[in-house]
Amino acid sequence: MASPCTAIGFAHGGTLCVSPCDSALIRPIETVNGAAPVELTVCVKHCDIAIQQSDAGAVAFFEVIQQDAGQPYALGGVRKIAVSPEGERLYAVSPEDGALAVFEREPGGGLTFLGAHTDRSSGGDIERLAGAMDVAVSADGSAVYVVSGFDDALLLFNGTTAGLALAASYHMDTHDIPGLDTPARLALSPDGAHVYVGTSNPDASDAVLIFSVDDGAGRLAQAGRYDSGVDDVRALAFSSDGRHLYVADASGLTLLARDANLASVNHGQLSYVTAYRPGESGVEGIAGAMAIALAPDGAQVYVAGASDNAVTVFDRDADSGLLAKLASYRNGEDGIDGLNGPLGLAVSPDGGHVYVASNNDNALLVLRRERDTGLLSYLETRRNGDRGVVDGLNSVLDVAVSPDGANLYTASPIEKKIGVFTVPAADLGLAITSSAGTGVGEAGVRIVVSNAGPNAAEGVRLSGPLPSGIAAVDFDAPVGIGCEQSSQQIDCEVGTLPAGAMIEIDVLVAFAPPVAISYTAVVSAAQRDPDLSNNTDTVIITVASDEEEEGDPPEESPSDTGNPPTNPRSGGGSVDWMLLLIAGLVLVAKRRHGLAHGTAE
């Protein structure tokens, strides 16, 4: 690989870009057949660097599970699905059949039917299962809960190797449980101590009922209820610490506080905090709220507003649970297609995607999520019947993601189907090495981004946002690489990073001393990454200052992961860079603090 910014200049606008990098130099990129590397050298002063990959093929149809005369899967009107926490089973409830169907999840994500419990009114084996509306699985996978809207019941099943056995059922009249009238939604507290049931009766006041779990026998006992202003509960979602419960109902979104203190006499009880109503205090995009999902880190809350054909994201305060609207994403805006009537919502376990089940469009929508901000951007839409292959999305009601993020499952009630989709993966890796040269106020870093596959990373883009106070730089692009500059932004379309290939980037920055740089990088992908442990690297750079004597350059500093050092030119300053590779690939070098033109920022 050619050394960066050394005696090689490209004329641009009457100037010559040479060391010490008073403008940007983008060196040729060559893509060779097979797994040979792609080489890229960037020489820039005070410049943040980003590489992005476009998000082609974010999900792929795999198979469909369909109920027919020869396959009694009990999927009539299938409404809700849940994957067990360990990822071994999928459960589906169907109000039309009054059924709970159980599937084994095979390697690759395919489903094998294990059996089903159906209500006796449908010729089955279980009482009180008519109108099965929702299903939830305990954290250890040993208990499965189902609510039956027609029978006003809450059922508890215990898992076994052969399937599920009914352990207990709780009915409004038989068990004297007031308020268990048309139960529609379920949520389990993260500590496993309580089950919460939301009701949806158009002819009576609704509530969120609280049941305590007997750790010994797994039985339930009613422990309380919250019924102030709740109307037609559509979704329940807990924060990961169990202190906040978000309720979507006919009026919008309500925040309830939960007593999560195990020693408290009020453990598990709910109290009102605040409500978010469409059109009030700038809140929009949540009319007809039907689904709620929290980011894995709890920093954002996502709400599907069916009447607004929108997904709205709120920033969330971890301590209070309070929300602040961040953005709304509507059908037909910003390229979004297929967001009519969103009813189901899921966030990928790695926080890189949001998936939406769009009922009116018979579609599965894929949105990329920026992990640092929670903001979304449109990737693609899979519609029922696409290319004569995609199935399981007709009038889709729900979407669930497997714990490993490798598969999506959709509920199609009209056609009595469960759609199975795969989420292609590209295992990105990152290694950084650095060296310090004799140039005053210079620093050099070599960034190696690799793709271990199994899928290619396509549409790689290079973007460079410039810090304020730094003049926009010139650049030259080789044939085949399209670059443009707008205001404080450099964008280059690089191309494809195949599986097994890598990109090497040499960055030379110049700024005023002192003498240390902490260089941290994080690599992530809009495509699913099966191994995030190799996506971060940090290196400390020793640089030269005008107080150091001339002589041999300081020793090179390898990254903390033990990667061998390289020998690009380098220099000094006090800058903390964050590099982020997103979208298939995004690599962002974000300077957090430092000196510009000798003045502290």
Side-chain angles (χ1 to χ4, degrees), residues 59-118 122 124 129 131-137 141 144 146 157 159 163-164 186 290-291 341-346 348 355-359 361-366 381-386 388-423:
V59 299
F61 175 74
F62 183 72
E63 69 175 6
V64 68
I65 304 299
Q66 180 176 3
Q67 177 176 327
D68 55 35
Q71 300 289 347
Y73 291 153
L75 296 178
V78 57
R79 178 173 294 268
K80 299 291 287 185
I81 49 183
V83 183
S84 60
E86 79 287 347
E88 295 180 357
R89 292 186 180 181
L90 179 140
Y91 303 94
V93 290
S94 304
E96 181 181 312
D97 283 345
L100 168 64
V102 186
F103 297 85
E104 182 180 4
R105 185 168 170 261
E106 302 287 353
L111 299 177
T112 298
F113 181 63
L114 294 179
H117 293 293
T118 56
S122 301
L129 199 50
M133 297 293 289
D134 201 3
V135 57
V137 189
V144 177
V146 176
F157 296 84
L164 288 178
L186 274 169
M290 294 297 296
L343 299 184
L345 199 61
S348 63
Y355 305 107
V356 187
S358 293
N359 179 265
D361 277 328
N362 306 317
L364 174 63
L365 197 77
V366 185
T381 299
R382 292 286 182 260
R383 280 187 167 84
N384 204 64
D386 276 355
V389 174
V390 177
D391 206 349
L393 295 176
N394 192 7
S395 299
V396 59
L397 290 179
D398 194 22
V399 58
V401 59
S402 61
D404 59 5
N407 296 100
L408 301 175
Y409 301 93
T410 59
S412 175
I414 292 179
E415 294 185 341
K416 305 178 181 180
K417 295 177 179 179
I418 295 176
V420 182
F421 296 80
T422 59
V423 183

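Quick caveat, the model's predicted, so the values are computed rather than measured.
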Check your understanding: Going through the checks in order, is the side chain to side chain contact (heavy atoms under 4.5 Å, CB included) test met by V135 and V144?
Key -> CA-CA 7 Å; V135 57; V144 177; 3.6 Å; yes

Exercise for review: Give the intermediate values and the outcome of side chain to side chain contact (heavy atoms under 4.5 Å, CB included) for residues V78 and K416.
Suggested key: CA-CA 6 Å; V78 57; K416 305 178 181 180; 5.8 Å; no

Study note, to complete from the structure: Sorted by chain and number, sequence neighbours left out, side-chain hydrogen bond (donor to acceptor under 3.5 Å, both in side chains) with D134 holds for none

Practice item. Could you tell me which residues satisfy side chain to side chain contact (heavy atoms under 4.5 Å, CB included) with N362, sequence neighbours excluded, listed by chain and number? Key: N384, N394, S395

Exercise for review: Side-chain contact test, heavy atoms from C-beta onward, threshold under 4.5 Å: evaluate it for P403 versus V83 and give yes or no.
Suggested key: yes

Check your understanding: Are V146 and Y91 close enough that some pair of their side-chain heavy atoms sits under 4.5 Å apart?
Key -> no

Revision key, fill the gap. With sequence neighbours left out, the residues meeting side chain to side chain contact (heavy atoms under 4.5 Å, CB included) with F62 are V420, T422

Check your understanding: After noting the C-alpha distance and the side-chain angles of R383 and D361, does the key distance pass the side chain to side chain contact (heavy atoms under 4.5 Å, CB included) rule?
Key -> CA-CA 7 Å; R383 280 187 167 84; D361 277 328; 4.1 Å; yes

Exercise for review: For R382 and V59, indicate whether the former's side chain and the latter's backbone hold a donor-acceptor pair under 3.5 Å.
Suggested key: yes

Check your understanding: How about L343 and V396: do any of their side-chain heavy atoms sit closer than 4.5 Å?
Key -> no

Practice item. Check whether any side-chain heavy atom of P85 lies under 4.5 Å from a side-chain heavy atom of V137, and answer yes or no. Key: yes

Check your understanding: With F421, which of V399, T410, V366 fulfils side-chain contact (heavy atoms from CB on, under 4.5 Å)?
Key -> T410

Practice item. Show your working on side chain to side chain contact (heavy atoms under 4.5 Å, CB included) between R79 and M133 and close with a plain yes or no. Key: CA-CA 7 Å; R79 178 173 294 268; M133 297 293 289; 3.8 Å; yes

Review point. Residues in side-chain hydrogen bond (donor to acceptor under 3.5 Å, both in side chains) with T118, at least two apart?
Key: none

Donor-acceptor contacts under 3.5 Å from residues 92-104 side chains, at least two apart:
unit_1, atom_1, unit_2, atom_2, d
S94, OG, A74, O, 3.1
D97, OD2, L75, N, 3.4
D97, OD2, G76, N, 2.8

Study note, to complete from the structure: side chain to side chain contact (heavy atoms under 4.5 Å, CB included) filter on A291, not counting sequence neighbours, yields A304, L345

Exercise for review: Identify the heavy atoms of H117 and L164 that sit nearest to each other, and give their distance.
Suggested key: NE2-O, 2.7 Å

Exercise for review: State, with a plain yes or no, whether a side-chain heavy atom of L364 is found less than 4.5 Å away from one of V356.
Suggested key: no

**Study point:** Contacts of V64 that satisfy side chain to side chain contact (heavy atoms under 4.5 Å, CB included) - sequence neighbours left out
**Key:** F61, D391, K417

Check your understanding: Once you round to the nearest 0.5 Å, how far does CG of L90 lie from CG of L111?
Key -> 5.5 Å

Exercise for review: List for me each residue that meets side-chain hydrogen bond (donor to acceptor under 3.5 Å, both in side chains) alongside R105, sequence neighbours excluded, and say none if there are none.
Suggested key: S402, D404, N407, Y409

Check your understanding: Partners of E63 by side-chain hydrogen bond (donor to acceptor under 3.5 Å, both in side chains), sequence neighbours excluded?
Key -> none

Review point. Is there a donor-acceptor pair closer than 3.5 Å between any side-chain N or O of D398 and the backbone N or O of I81?
Key: yes

